[in-house]
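For reference, the structure is listed below as structure tokens.
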Amino acid sequence: MSFDPSLYIQYGPALLNGFLYTVLSLALANPLAILVGLVIALLQSLSLPPLRWACRSYIHFIRGTPLLIQLFLLYYCGPTVGVRLDALTAGVLGLGANGGAYFAEIFRAGFESIPKGQVEAARMLGLTPWQVLTRVKLPQMLVLITPPSVNQVIIIVKETAILSILTVPELTKAAIRMVGETSAIIEPYVALAAAFWLLVEATSRLGRRLERRVARHL
Amino acid sequence: MLDFTEVLPYAWPLLIGAGMTLVVSGAAIVLGMAVGLLLSIGALTGHPVMRRLIAAYISFFRGTPLLVQLLISFYFLPALLGINVPPLVSAVGTLALNTSAFQAEIYRGGFLALPHGQFEAARMLGIGVWQARRRILIPQVMRLVLPPLTNEATSILKSSSLVSVVAVTELMRVSEQAVSITFRATEFYVTAALIYLVLTSLLAWIGKRFELQLARSV
């Protein structure tokens, strides 16, 4: 068994195509997850009991079941209720819905860290609720929520590999295909592991810079 | 139409699958605990070369997707070693190595939280290095890290659904097989999700119980 770099020339375009799909999935899933998380955290802070209960149940279900099942429910069970999604859409929506529950918990902790008096004072001074959110709460929360948020983004980056099971042609799928076609094993998996490791490493470096940036006024 | 009575004939296989899920994740968590503890001690007190190696190990297992690690151990290692590794062994082994990297980071934080004077005092009293670790440090570390450890165990329980990809007949794979026979995707995946939800809730409850018990004995 030997390492044959010429395989990378032959399969370069296929691997690159897979890598672009991986980047596309994580670039769509992460903002979606953050948005879902923010919406859930805001709904929870409205203190309407039925809404709160619905949000808690959602978070409990998402955090208590495997991502793989949630993706299967979206992809294979959607058609029985008339929702037919292609693999990439189901995958991105699933990652967003899943990550959203984790982000919601991060944001909730952030909101709870803001003293109530500040919010009341800001409202007294005539700031609208939107201004209170964007000018008072979020800037202060950032220091607290950035490290766990970066962690969650890294988790989502790695979870895009699971989309290969839904037949999304991302990097893992491209590597599995290369194994099947060439029966070479080392080359595809080295490329696969290295690409994900680099993505995760790049994300965590960016995250550390972001952490320093949001903490610069402290 | 949804018809959950279709699930009933598969109640027994599903239960056996759930048992397999518990066996796989339980074995991985316990093995990962032993390896993780050794890694964290090595990372804190070992020779610089060993520290480098441990850091690389942790970086690999935390920086690449679990699915990629499973594929590598399932297809790559047998070809490399020239031996046939049963799917169950490679599944448990990979999950254990994966969680050991995450657990090592958890334990490292625990060890750092303990005052160094304790270890010095124990050594002064003539207690051996390993005995001091085993009898004095590790019991306190375990108490400190119980909440993140419960989280990690829950995460492994859910991630064990991925070993269905490498042909281990646990809950996820049993459900997939039942779906391929009955074409009742929604019924079976919802049932499987609920079983996972029960298992993870149970695990979280046990973790909480332990925490309370330990808090009382302090």
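To find a chain, count down the sequence lines: A is the first, B the second, and so on, and within it residues start at 1.
Atom-to-atom distance recorded for A:I162:CD1 and B:L66:CG is 7.5 Å, nearest 0.5 angstrom. If you take CZ on A:F61 and CG on B:L194, they are separated by 7.0 Å, rounding to the nearest 0.5 Å. A distance of 7.0 Å separates CZ of B:R62 from CG of A:N151, quoted to the nearest 0.5 Å. Atom CZ of A:F72 is separated from atom CZ of B:F188 by 14.5 Å, given to the nearest 0.5 angstrom.
Heavy atoms of A:I165 lying under 4.5 Å from chain B belong exclusively to its side chain. Only the side chain of A:I176 comes within less than 4.5 Å of a heavy atom in chain B; its backbone stays farther off. Contacts between B:S161 and chain A at a heavy-atom distance below 4.5 Å involve backbone atoms as well as side-chain atoms. With a threshold of 4.5 angstrom between heavy atoms, B:V198 does not approach chain A through any atom at all. Of the two parts of A:S164, only the side chain, counted from C-beta on, holds a non-hydrogen atom closer than 4.5 Å to a non-hydrogen atom of chain B. In this structure, no portion of B:S155 lies under 4.5 Å from any heavy atom of chain A. For a residue to count as touching a neighbouring chain, one of its non-hydrogen atoms must lie under 4.5 Å from one of that chain's; by this rule B:E176 touches chain A with the side chain only.
Counting all heavy atoms, side chain and backbone alike, A:T65 lies closest to B:K158 at O-CD, 3.4 Å. In plain terms, the two heavy atoms of B:A185 and A:C77 that are nearest each other are C-SG, 3.7 Å. The heavy-atom pair separating A:H60 from B:L197 by the smallest distance is O-CD1, 3.5 Å.
Looking only at side-chain heavy atoms (C-beta outward), A:Y76 and B:V179 stay at 4.5 Å or farther from each other.
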Audit row: B:S164, A:L68, side-chain contact (heavy atoms from CB on, under 4.5 Å) steps and yes/no: CA-CA 10 Å; B:S164 60; A:L68 187 57; 4.1 Å; yes

Worked verdict on B:T64 versus A:V200 for side-chain contact (heavy atoms from CB on, under 4.5 Å): CA-CA 7 Å; B:T64 56; A:V200 168; over 6 Å; no

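In terms of heavy-atom pairs under 4.5 Å with chain A, the best-connected choice from B:F60, B:Y189, B:Y75 is B:Y189. Between chain A and the residues B:I72, B:L199, B:T154, the largest count of heavy-atom pairs under 4.5 Å involves B:I72.
Within 6.0 Å of the OH atom in A:Y21, the count of heavy atoms belonging to other residues, nucleotides or ligands does not exceed 12. Crowding of B:R52 atom CZ: a count of heavy atoms from other residues, nucleotides or ligands under 6.0 Å not exceeding 12. Counting heavy atoms of neighbouring residues, nucleotides and ligands inside a 6.0 Å radius, atom CZ of B:F210 does not exceed 12 of them. Open room surrounds CZ on A:R213; 12 or fewer heavy atoms of other groups in view lie less than 6.0 Å from it.
Side-chain N or O atoms of A:K158 include none that pairs as donor or acceptor with a backbone N or O of B:L67 at under 3.5 Å.
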